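Below: the structure, in structure tokens.
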Amino acid sequence: MTALIPMVTASGAGTARSAPADALAERLADLAVAALVDEALLTPKPGLVDLRGGGAHADMRWMLMCRSAWALRPAFLDMARAGAAVDDLPALRRRIGAIGRAAEGAMMAATGGVNTHRGAIWALGLLVTAAARYALHGAANGAGPARETTATKTAMHDTATGIARLAGRLARIDDPGAPAHTGNKGELACRVHGVGGARGQARAGFPAVTGHALPMLRSARARGDAEPQARVNALLAVMAGLDDTCLLARGGAAALHAAQTGARRVLARGGMAAPNGRRAFAALEARLRRLHVSPGGAADLLAAALLLDRLDTARIDAAGRRTYPGREREVDDDDWQARARREEAHGEPCNDEQRGTRLSGASATTGSLLG
């Protein structure tokens, strides 16, 4: 079996809109949606929407997050197609910028005006675009994997590194169609507090994802943590160092300090698999609840990490099914996609996790983490 990205490169390099290229775009769009759904349903998360409620967000619930994720699939598909088809990087940047702005409208229409995924559109949109280009062009135009160092060997796979670096290159290209000022709270927080925000993370090649979330996710799995515990630990690893503009916008520097120090304390006490770590997590949750703040920027980057992780670890068997080595069971993605669309259309759960069963080897029940 071969990794997803190299598999497509081997069979589909060449024409921009070949059948393999279009199949790749469809798969990338599905994986982006799955990453957003997985992030939304991961439970517990401090201050964030999960299966228990809206966290610091009175206007959000997990079902709304799922609806928003599915509403973004056409945009992710168009971005992936553009990544495969548009050779000129400035032209590609303009194209995906226009798609992203239209995606914000689709999100607002699907959620009744609630900003559920603006930051995720930016992060995951860049990554699916870069992933399509990386798969079909390889090392061309500087898109190939970074030179291996000791750090990259131990912290991340070449595929994730190469995709994130290419996404950063795209993010550093100016988009003439973008408004000079958006007026959103994150932009204001960047100006007031002098931080880079989501734009800075992207332009740097997502260091919080490749340098913190992915290494923590993989090290937690390697030591035997359950998949939900490993994912919460990855979220905490991002929170520990990220200048999260969602926290800054809602609660200022004090809220950011509380989230960062609390996340570090959980990890220092063994993370979510350890009793002391879970007690520290409960204290972190209580603190963020009192402050009424939410680490939304970290949540977006966790979704980005889950997307890159799937691209790195997914394998395709002879029947065309994706499996996850080291996870608890095989998943037929196509069956899951069809079931999820049916259930979402009927207003029912859009994932097996909230039923207490397992999807991709992960259970989102609170008992699996806190019991």
Side-chain angles (χ1 to χ4, degrees), residues 3-9 13 16 21 24-25 27-28 31-32 35 76 79-80 82-97 100 119-175 196-218 234 237-238 241-243 297-298 300-314:
L4 176 63
I5 288 292
M7 181 199 72
V8 176
T9 303
L24 171 64
R27 189 64 88 183
L28 287 170
L31 290 177
F76 292 138
M79 289 178 183
V86 181
D87 289 331
D88 180 67
L89 287 182
L92 177 58
R93 178 67 184 86
R94 292 192 298 272
R95 175 67 182 138
I96 64 172
I121 294 170
W122 167 250
L124 272 68
L126 284 166
L127 290 170
V128 297
T129 304
R133 188 176 183 89
Y134 183 95
L136 296 172
H137 297 285
N141 301 314
R147 179 176 56 86
E148 269 200 339
T149 64
T150 301
T152 58
K153 287 178 182 178
T154 58
M156 65 198 76
H157 292 198
D158 280 342
T159 299
T161 308
I163 292 170
R165 289 176 70 241
L166 179 54
R169 185 178 178 189
L170 282 168
R172 291 190 295 272
I173 299 173
D174 289 333
D175 176 11
R199 188 177 300 275
Q201 268 291 313
R203 287 177 170 175
F206 296 99
V209 174
T210 59
H212 298 282
L214 286 175
M216 177 58 72
L217 186 65
R218 290 161 182 169
V238 175
L242 182 70
D243 292 328
D300 292 337
L301 293 177
L302 174 63
L306 295 177
L307 172 62
L308 288 177
D309 178 63
R310 284 178 182 238
L311 291 174
D312 259 348
T313 61

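Since the model is a prediction, treat every value here as computed from it, not as a measurement.
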Distance from Y134 atom OH to T161 atom OG1, nearest 0.5 Å?
8.0 Å
First locate atom CG of L308, then atom CG of L217, and finally report the distance between them rounded to the nearest 0.5 Å.
11.0 Å
For a side chain to side chain contact (heavy atoms under 4.5 Å, CB included) check, start with the C-alpha distance between D309 and R218, then their side-chain angles and the critical distance, and finish with the verdict.
CA-CA 9 Å; D309 178 63; R218 290 161 182 169; 3.6 Å; yes
Between V209 and A304, the two heavy atoms sitting closest are CG2-CB, 4.1 Å
With sequence neighbours left out, what residues match D243 under salt bridge (Lys or Arg N to Asp or Glu O under 4.0 Å)?
none
Quick check: does any side chain N or O of R203 sit under 3.5 Å from a backbone N or O of R172, one acting as donor and the other as acceptor?
no
Pairwise side-chain contact, L311 with L28, heavy-atom cut-off 4.5 Å (strictly under)
yes
Got a second to check how far M79's CE is from L170's CG, nearest 0.5 Å?
11.0 Å
With the threshold set at 4.0 Å, does a side-chain nitrogen-carboxylate oxygen contact exist between D174 and R93?
no
Please report the closest heavy-atom contact between L242 and G297, naming both atoms and the distance.
CD2-C, 3.8 Å
Which atom names give the shortest non-hydrogen contact between A164 and T210, and what distance separates them?
CB-CG2, 3.7 Å
Minimal non-hydrogen separation, L127 against I163, with atom names:
O-CG2, 3.7 Å
Between atom CD1 of I96 and atom CZ of F76, what is the distance when rounded to the nearest 0.5 Å?
11.5 Å
Heavy-atom pair with the smallest gap, counting every atom of A130 and A167
CB-N, 3.6 Å
What are the two closest heavy atoms between G119 and D300, and how far apart are they?
CA-OD2, 3.4 Å
L306 CG to L31 CG distance, which is reported to the nearest 0.5 Å:
11.0 Å
Is there a donor-acceptor pair under 3.5 Å between the side chain of R133 and the backbone N or O of D87?
yes
Taking atom CG of L124 and atom CG of L307, what is their separation to the nearest 0.5 Å?
5.0 Å
